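Predicted, not measured: the structure shown is a model, and the values here were computed from it. A, B, ... follow the sequence lines: proteins, then strands. Residue 1 opens every chain.
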Amino acid sequence: MSDQYRITLEISRYDPETDLSWVQTYHVEAGGILRFVDVFRKINDEQDPTLAWSSSCEHAQCGSCAIMVNGKPLLACELLVREAVEHFNTNTFRVKPITIAPVLRDLVVDLEKAYDRVHAAKPYLMRPTAPPEEGDEYRISPEVLETYVEATQCINCFCCATACISSHHHFMGPNAAMANIVRLMDPRETAREERMDLLYGESGVYRCHTARACSFVCPKEIDVSHFLALGKEGKF
Amino acid sequence: MGEGLTIDSTLTCDVLVIGAGGAGLRAAAYIGEQRPGTKIVALTKVASPQKSHTTTAQGGMAAVDPKDPADSPTFHMFDTWKGSDCSADQDVIKKVCELGWEEVVWLERRGMHFSRTEEKRIAKRPFGGHMLNFGETKAFRACYEASRTGKGIMDTVWNESLKYGVSFIGQCAATELLFKNGACIGAIVFRFPEGTFSAILAKATIVATGGNAKMYLVTSNCRGNTGDGLALALNAGLPVLDLEAVQFHPTGMVGPGILASEALRGEGAILRNKEEEPFMERYAPTAKDLAPRDLISRAIIQEMREGRGLFHEGHKAHHVWLDLRHLPKEVHEKKIQEVSSFFKRFVGVDPETDLCPVTPTAHYQMGGIPTNEFGEVQRDGQAVVPGLFACGEVAAASLHGLNRLGTNSLLELITMGRVVGERVVEYLKDAKEPDGLPSDAGHIIFDQFAAYLGSQGGESFAHIRDTLRNLMMEKVGIFRTEKSLLEAMEKLRELREKAQHMPIGTASLRANQNLWQIWELNNLITVSMVIAQGALARKESRGAHFREDYPERSDEFNYHTLAYMPEFDKVTLGERPIDMSIFEAKGEHCELFDYIERKY
């Protein structure tokens with residue numbers, strides 16, 4: 001249990017006051033069980049209180065702590081030091097902010113514009129079907145729910161959008177596209193035409209090049225490309 | 001006033017929602033739906049409302065379908081009253097329990113993905129303390145969305161708010177409430193990215209900032225749960241209620257403090273000490289590992305005190321074991337898969353083959369800003385502050401009294417959010433637009449920030465934070481005594497002094513995480529002092545508040561604690577009576593709503 005590692009973090013820094021960017025190296029002694037969020041806290045506590053980084057729930061339910069480690073988008077709260085050493089086969093880690101949003105300071109990004117894409121996908125029920133006569137909840141079978149429930153676990157961490165080869169250009173991004181597809185699969189939604197327009201529009205699902213990076217990097221292990229494929233096929 | 005600090009912009013709106021979690025956005029969605037065109041601004045500390053703490057709730061939302069032939073809202077009311085150790089308010093209990101099912105239907109019709117039964121209906125499961133026929137057998141009452149009910153709720157109220165055009169401002173915090181002629185007219189807001197202050201003037205202001213458990217060493221709370229809303233109220237001279245009522249969940253994962261849900265013990269998981277003895281058999285021979293949360297948390301600490309705990313080298317923390325190794329493979333793979341994966345991922349142990357290290361984790365603040373049953377903030381336990389409302393964990397109406405049942409928190413934040421929405425719609429009919437800023441706007445926050453920014457150094461942020469978290473855990477935690485509380489208060493005075501003069505890494509205002517955290521830490525110290533004062537005055541044990549020197553509940557304390565602290569350490573205590581309206585209505589079963597014994 002008391003495995004200790006000496007790791008090196010090369011972290012992208014940015015100071016909004018001076019508009020300067022640089023890479024800063026931190027050497028840290030850390031237990032294998034610590035997560036990268038704990039390592040950042042350790043750096044703040046012991047070496048540099050100015051290093052800024054994001055997190056909130058710190059157990060993969062909110063997606064606030066998405067970063068790039070050695071080129072891979074992931075959640076800093078999920079990455080244990082010992083697993084990072086094993087996975088990347090090194091003790092040196094290049095840490096950068098995710099690339100889908102402008103940097104505010106160091107590893108902290110401004111997600112407002114990124115979230116605008118999700119908002120544009122209208123994640124709510126636009127026009128729910130008439131409520132059941134009994135006056136209570138809609139009836140949905142577990143089998144129907146099972147076809148799309150996986151996609152509802154998305155926390156909009158934007159790891160997929162960061163890894164996506166298309167979302168930096170015109171594509172709305174895998175997570176936003178999937179939010180629309182979920183509602184197309186939801187038996188309670190009647191606004192199918194508007195949703196199809198969104199799905200096949202200028203920034204819609206055909207901008208996706210099917211590289212499937214989204215499915216490989218998703219921290220919630222959602223097979224995002226499967227849902228995008230359903231969208232392309234019109235199978236919902 | 002703080003040098004160089006100014007209010008850079010002034011925004012006006014109809015409704016300002018401080019804290020865009022489940023409660024705040026349920027209120028916003030109600031107002032948006034019922035009063036189209038209302039200009040609503042919702043503030044959140046995180047990047048998007050979707051990332052609020054509400055999203056981490058797992059188990060479910062308690063609600064009784066009035067058509068259910070077995071269950072009844074009255075049983076739910078009784079369970080809530082008994083669970084509170086006879087200290088919740090019965091007008092609120094009645095209102096919330098009766099509204100619950102309507103709100104479940106509201107959520108479902110607006111797109112929440114509840115788990116389903118074979119009959120295509122919303123699935124329900126049993127939860128601790130929820131029983132049929134006044135305590136006879138377990139009730140299927142918790143509506144759930146797999147093990148992410150909070151996320152389902154959060155996504156739904158966020159989506160609905162979006163649909164009705166609510167404006168969200170992320171990465172900001174309300175730092176000072178604004179008042180004119182006794183009415184609340186909005187707040188001063190610090191925007192983290194730009195490092196600027198804005199005044200947001202509103203006809204109605206809703207405080208819904210959530211919890212405050214970050215002053216404890218081990219907590220299930222998210223990084224931003226630092227009691228900001230409570231500090232806002234206290235700084236404005238308003239009271240808080242029952243802050244001594246802090247719930248510790250018995251099984252937090254060592255290290256991160258993430259919950260290892262009650263569902264694990266429901267499936268047969270066993271708590272063991274250093275000798276691997278199943279110690280709960282000694283403390284609760286009948287209920288054993290399924291005894292109430294407060295009782296198990298106390299048993300675990302007792303084991304540690306008597307030298308039968310363990311020490312985790314990696315996380316430098318004391319713990320006991322949760323044993324899941326004997327559970328069948330299909331239970332591991334299907335029923336508890338998500339929590340099992342948390343142990344693998346965050347603690348690095350495999351519950352199928354390894355013992356899992358757990359320790360009590362600070363989970364929930366039962367107390368809060370006192371409101372009446374309509375969510376209107378009270379200035380003295382009775383008279384309300386015009387234009388100011390509160391709901392969710394930061395508020396205390398009070399549904400939970402000194403102890404909360406599992407799945408009643410999601411119920412409360414949704415129903416009370418809606419109730420506040422209703423009240424605000426009423427209030428807006430005659431409300432006038434605020435006519436400008438009060439002359440002293442900013443006097444509180446500019447002074448605070450000037451002190452933090454101008455500090456030359458002393459003890460570090462990390463040192464003060466760690467001292468606070470250890471202190472609160474040891475002396476104002478699961479067990480309390482007059483001695484421990486007095487010692488804690490002495491130390492808190494010292495910490496407060498030091499926290500005004502911590503070294504700061506950079507004096508830049510833009511995206512300055514260090515400055516933000518120093519502000520948060522000061523809020524935590526403020527709230528900690530009130531918790532300690534309330535705990536010292538309540539010379540009895542009730543619900544989650546346990547005094548070793550007064551281990552029994554006492555009728556002398558059949559009231560809520562009101563506490564004011566307009567200046568640090570200048571605490572005035574008062575009382576608010578417990579509402580007994582169900583008992584006093586003299587209806588059927590009213591005798592069960594008297595001050596009954598709490599036995600399981």
Side-chain angles (χ1 to χ4, degrees), chain A residues 1-3 15-17 31-35 38 44-46 48-64 77-78 80 82-83 104-105 108 110-112 115 119 122-126 128 131 135-142 145 149 152-153 155-156 183 186 188-189, chain B residues 46-48 50-53 55-56 65 67 101 104-105 108-111 113-122 146 148 151-152 155-156 159-160 162-163 170-171 192-193 222-224 255-256 258 312-315 342 345-348 460-462 503-506 508 510-514:
Chain A
M1 285 303 236
S2 59
D3 50 347
D15 180 358
E17 288 296 343
I33 204 159
L34 291 194
R35 306 161 298 161
D38 302 317
N44 281 159
D45 290 355
E46 296 168 4
D48 182 356
T50 67
L51 175 71
W53 51 283
S54 285
S55 76
S56 182
C57 81
E58 300 193 357
H59 63 286
Q61 276 297 92
C62 77
S64 300
C77 74
E78 281 199 305
L80 301 189
R82 84 162 72 99
E83 281 168 6
L104 290 172
R105 185 186 281 275
V108 180
D110 181 358
L111 283 179
E112 195 180 327
Y115 253 100
H119 296 179
K122 306 189 173 175
Y124 41 82
L125 286 176
M126 289 164 76
D136 42 31
E137 79 269 37
Y138 292 105
R139 307 295 192 260
I140 299 176
S141 73
L145 180 62
V149 74
T152 70
Q153 294 178 49
I155 54 175
N156 289 313
R183 289 307 186 193
D186 189 329
R188 296 167 293 189
E189 177 67 287
Chain B
V46 284
S48 156
Q50 196 191 17
K51 307 206 177 309
S52 302
H53 188 53
T55 208
T56 63
D65 178 353
K67 290 184 207 148
W101 184 250
V104 166
V105 173
E108 195 278 334
R109 289 200 193 161
R110 276 148 191 84
H113 307 285
F114 281 107
S115 296
R116 300 286 171 156
T117 64
E118 286 307 318
E119 292 73 42
K120 308 184 182 181
R121 307 291 304 266
I122 292 171
R148 47 177 187 280
K151 170 170 161 54
D155 282 0
T156 306
N159 285 344
E160 286 302 296
L162 196 61
K163 187 167 157 184
Q171 290 176 296
F192 174 76
C222 68
R223 187 175 171 190
I258 303 160
H312 194 281
E313 285 298 334
H315 285 300
F342 284 160
R345 203 173 283 170
F346 297 109
V347 193
S460 73
F461 165 82
I504 187 162
T506 163
S508 160
R510 297 168 73 169
N512 187 344
Q513 174 184 287
N514 205 196

* Structure fact -> For B/Arg110 and A/Leu125 the tightest heavy-atom approach is C-CD1, 3.8 Å

Atom group of [X] that falls short of 4.5 Å from chain B, counting heavy atoms:
X: A/Gln153; value: both
X: A/Val108; value: side chain
X: A/Leu145; value: side chain
X: A/Tyr115; value: side chain
X: A/Asp136; value: both
X: A/Leu51; value: backbone
X: A/Glu112; value: neither
X: A/Leu80; value: side chain
X: A/Asn44; value: side chain
X: A/Pro128; value: side chain

Pick from [options] with the largest number of heavy-atom pairs that fall under 4.5 Å of chain A:
options: B/Val104, B/Asp65, B/Ile504, B/Ile122; answer: B/Ile122
options: B/Thr156, B/Asn159, B/Asn514, B/Asp155; answer: B/Asn159
options: B/Ser115, B/Ser460, B/Pro193; answer: B/Pro193

* Looking at CD of A/Gln61 and CZ of B/Arg148, how far apart are the two atoms once the value is rounded to the nearest 0.5 Å? -> 8.0 Å

Tell me, for [X] versus chain A, whether the close heavy atoms (under 4.5 Å) come from the side chain, the backbone, both or neither.
X: B/Phe342; result: side chain
X: B/Gln513; result: side chain
X: B/Ser52; result: neither

* Between A/His119, A/Arg35, A/Met126, which shows the greatest number of heavy-atom pairs under 4.5 Å with chain B? -> A/His119

* Structure fact -> Heaviest contributor of heavy-atom pairs below 4.5 Å to chain B, chosen from A/Pro142, A/Gly31, A/Pro49, is A/Pro142

* To do: Can you sort out the partners of B/Pro503 under side chain to side chain contact (heavy atoms under 4.5 Å, CB included), two or more places apart, ordered by chain and number?
  => none

